Amino acid sequence: GIVLVVGGALWSGVVQVQAGYVGVKLRFGAVDGTLDPGIHVIIPGVHTVQLMESRTQKEESQATAASQDLQVVTTTLALNFRLDATKADRIFTKVGPLYKTRIIDPTVQESLKVVTARYTAEGLIRNRAQVKNEVEAEIIKRLAAYDILVDAQGLSIVNFDFSPEFNKAIEAKQVAQQEAEKQKYVLQQAELQKQTAVAKTQGTAEAAK
């Protein structure tokens, strides 16, 4: 019985931090350093360990914003990010373990709103790559304050969605452009026929002369 009690007490003081995680050591609930992956000994009843994932994580967010011409744009974005393992204790102190809902999602949404306001709805479609780069730069700047890192080319815009009215307007514009191109072609053909007829008439007149 004594062996079991002593063994249980010793075992309760051993913690294992898995690869891809950092252990935040707490002393009576207060942050008291970090633990690298491996086996560590702590004081039971005094220390506890909170695991924080340090591997690259993916978070998909959806945000609604207004474009420069006041069109409502709903955008789905995917972000690859990771915690700065050397500063996991600071992240835990400032944000806690719920950093995705408290920091990542709001940052993505606010960054998108800032950039979206610079472009018209059509500009967002035409300059998708540039919009993505600007949103990514805004996210990197904001998350750096929380010691959260974004992977290289870590942001992707999954989709742009506009209101049904705007989609209809775009479709009508494309139809109008196609009709204009068609009319332009018809006019060019008529002009060509006219020039051909004139040339033929002049040729006949020259031949008669």
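This one's a predicted model, so the numbers in the text were calculated from it and none came from an experiment.
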[atom1] of [X] to [atom2] of [Y]: how many Å apart, nearest 0.5 Å?
X      : Y      : atom1 : atom2 : result
Leu83  : Ser54  : CG    : OG    : 7.5 Å
Asp84  : Ile148 : CG    : CD1   : 10.0 Å
Asp147 : Ile103 : CG    : CD1   : 11.0 Å
Leu26  : His47  : CG    : NE2   : 9.0 Å
Arg118 : Ser67  : CZ    : OG    : 14.0 Å
Thr107 : Ile140 : OG1   : CD1   : 12.5 Å

Atom of [X], atom of [Y] and distance for their closest heavy-atom approach:
X     : Y      : answer
Gln68 : Ala117 : CB-O, 3.5 Å
Lys58 : Ala78  : CE-CB, 3.7 Å
Gln50 : Pro97  : NE2-CB, 4.3 Å
Met52 : Ala88  : CE-O, 4.4 Å
Ala19 : Arg55  : O-NH1, 4.4 Å

Decide side-chain contact (heavy atoms from CB on, under 4.5 Å) for Leu77 and Leu112; before the verdict, give the C-alpha distance in whole Å, the side-chain angles of both, and the deciding distance to 0.1 Å. CA-CA 9 Å; Leu77 306 99; Leu112 180 69; 3.9 Å; yes
Looking at side-chain heavy atoms only, is the closest gap between [X] and [Y] below 4.5 Å?
X      : Y      : answer
Tyr119 : Thr116 : no
Ile104 : Leu143 : yes
Tyr21  : Glu53  : yes
Val150 : Ile139 : yes
Thr75  : Asn159 : no
Ile42  : Lys25  : yes
Glu60  : Thr76  : yes

Determine whether [X] and [Y] fall in the same hydrophobic cluster, where Ile, Leu, Val, Met, Phe, Trp and Tyr are linked whenever their side-chain heavy atoms lie under 4.5 Å apart.
X      : Y      : value
Leu79  : Leu149 : no
Val31  : Phe28  : no
Val131 : Ile125 : yes
Phe81  : Val22  : no

Between [X] and [Y]: side-chain donor-acceptor atoms closer than 3.5 Å:
X      : Y      : result
Glu134 : Gln130 : yes
Tyr99  : Glu59  : no
Thr56  : Asp151 : yes

Would you please test Leu35 and Val49 for side-chain contact (heavy atoms from CB on, under 4.5 Å) and show each step? CA-CA 9 Å; Leu35 302 176; Val49 176; 3.8 Å; yes
Start with the C-alpha distance between Arg142 and Glu110, add both sets of side-chain angles, then the distance that settles side-chain contact (heavy atoms from CB on, under 4.5 Å), and finish with yes or no. CA-CA 10 Å; Arg142 290 170 180 253; Glu110 287 302 316; 3.8 Å; yes
Could you tell me whether the side chain of [X] and the main chain of [Y] form a donor-acceptor pair under 3.5 Å?
X      : Y      : value
Arg27  : Gly33  : no
Arg102 : Val95  : yes
Ser61  : Val108 : no
Lys132 : Asn127 : no
Glu136 : Leu155 : yes

Which residues pass the side-chain contact (heavy atoms from CB on, under 4.5 Å) test with Val72, sequence neighbours left out?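 Per chain and number, Val72 pairs via side-chain contact (heavy atoms from CB on, under 4.5 Å) with Thr64.
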Contacts of Gln109 that satisfy side-chain contact (heavy atoms from CB on, under 4.5 Å) - sequence neighbours left out: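 Residues passing side-chain contact (heavy atoms from CB on, under 4.5 Å) with Gln109: Ala63, Asp105.
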Lys100 atom NZ: more than 12 heavy-atom contacts under 6.0 Å: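 Yes, because the 6.0 Å sphere around NZ of Lys100 holds more than 12 heavy atoms from other groups.
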In terms of heavy-atom contacts, does OH of Tyr146 have more than 12 from other residues, nucleotides or ligands at under 6.0 Å?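 Not buried by this count: 12 neighbours or fewer within 6.0 Å.
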Would His40 and Val14 satisfy side-chain contact (heavy atoms from CB on, under 4.5 Å), going step by step from the backbone distance to the final call? CA-CA 6 Å; His40 304 271; Val14 176; over 6 Å; no
